[in-house]
Structure formats: C-alpha cells, structure tokens
Amino acid sequence: MCQHLITCPPADATDREAARIIATFQEQGWSLLCNGVIVFEDTGELLPDGTTIEPHRGPAVHALAA
Ligand SMILES: [Zn+2]
C-alpha cells in the first residue's frame, strides 16, 4: 500500500502511527495513514484487519499540574 521511497511502518508495527497521512477528515475527526491505519483525533486507531486500538493519549500537562 505504501509507495514512499522510505517505506512507512506497516499497520502491525508498534510505530504504525509514524506512517504518512494520505487523507484527513478533520470535520469527522480521523485521518487515513498510507499503511491503511485510521487514526482518530482521540488517538484511538482502526487497523486494516478490523482491530481497534483504544485511545492512548495521556492526560494533558496542565491537567497533571492541577
Ligand atoms: Zn508511506
């Protein structure tokens, strides 16, 4: 799927989010990466094989300071 000169990480790699964004749907809150992974703005992910990854963004720094 990826046709970049330096191949992006595949969907089953732990660094899958490092793949390039090929389409963004900001109004819907998700982006499609060139390895077929869909990344949602809450950091949840949907892999090409249908696997879902729960959001894994930590709390904001200002929330920790409070
Ligand atoms: Zn790529």
Side-chain angles (χ1 to χ4, degrees):
M1 194 165 191
C2 174
Q3 297 181 346
H4 293 119
L5 189 58
I6 298 172
T7 308
C8 296
D12 58 355
T14 54
D15 60 345
R16 63 178 75 88
E17 293 164 53
R20 295 197 210 181
I21 294 172
I22 56 174
T24 300
F25 299 86
Q26 282 185 330
E27 69 281 3
Q28 296 175 11
W30 61 277
S31 298
L32 175 64
L33 306 185
C34 72
N35 57 8
V37 175
I38 291 173
V39 181
F40 297 93
E41 62 184 5
D42 65 356
T43 70
E45 296 171 24
L46 179 61
L47 306 190
D49 65 0
T51 304
T52 54
I53 310 277
E54 293 295 312
H56 48 279
R57 177 173 53 201
V61 175
H62 66 269
L64 291 173

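Keep in mind the model is a prediction, meaning the values are calculated, not measured.
Among all heavy-atom pairs drawn from L32 and I38, the shortest one is CD1-CG1, 3.9 Å. Annotation for C8 and C2: closest pair N-SG, 3.4 Å, computed over non-hydrogen atoms.
Atoms CD and OG1, on E41 and T24 in that order, are 11.0 Å from each other to the nearest 0.5 Å. To the nearest 0.5 Å, atoms CD (Q3) and CD1 (I22) are separated by 9.5 Å. Taken from OG1 in T52 to CG in L47, the straight-line distance is 8.0 Å, to the nearest 0.5 Å.
Using a distance-only test at 3.5 Å, with no hydrogens or angles considered, a donor-acceptor pair links the side chain of T43 to the main chain of H56. Using a distance-only test at 3.5 Å, with no hydrogens or angles considered, a donor-acceptor pair links the side chain of N35 to the main chain of R16.
Put simply, I53 and V37 are part of the same group of oily side chains (I, L, V, M, F, W, Y) that touch within less than 4.5 Å, one to the next.
The 12-atom threshold is not exceeded at CD of Q26, counting heavy atoms of other residues, nucleotides or ligands nearer than 6.0 Å.
In this structure, F25 and W30 have parallel ring planes: the angle between them is below the 30° cut-off, well short of the 60° mark.
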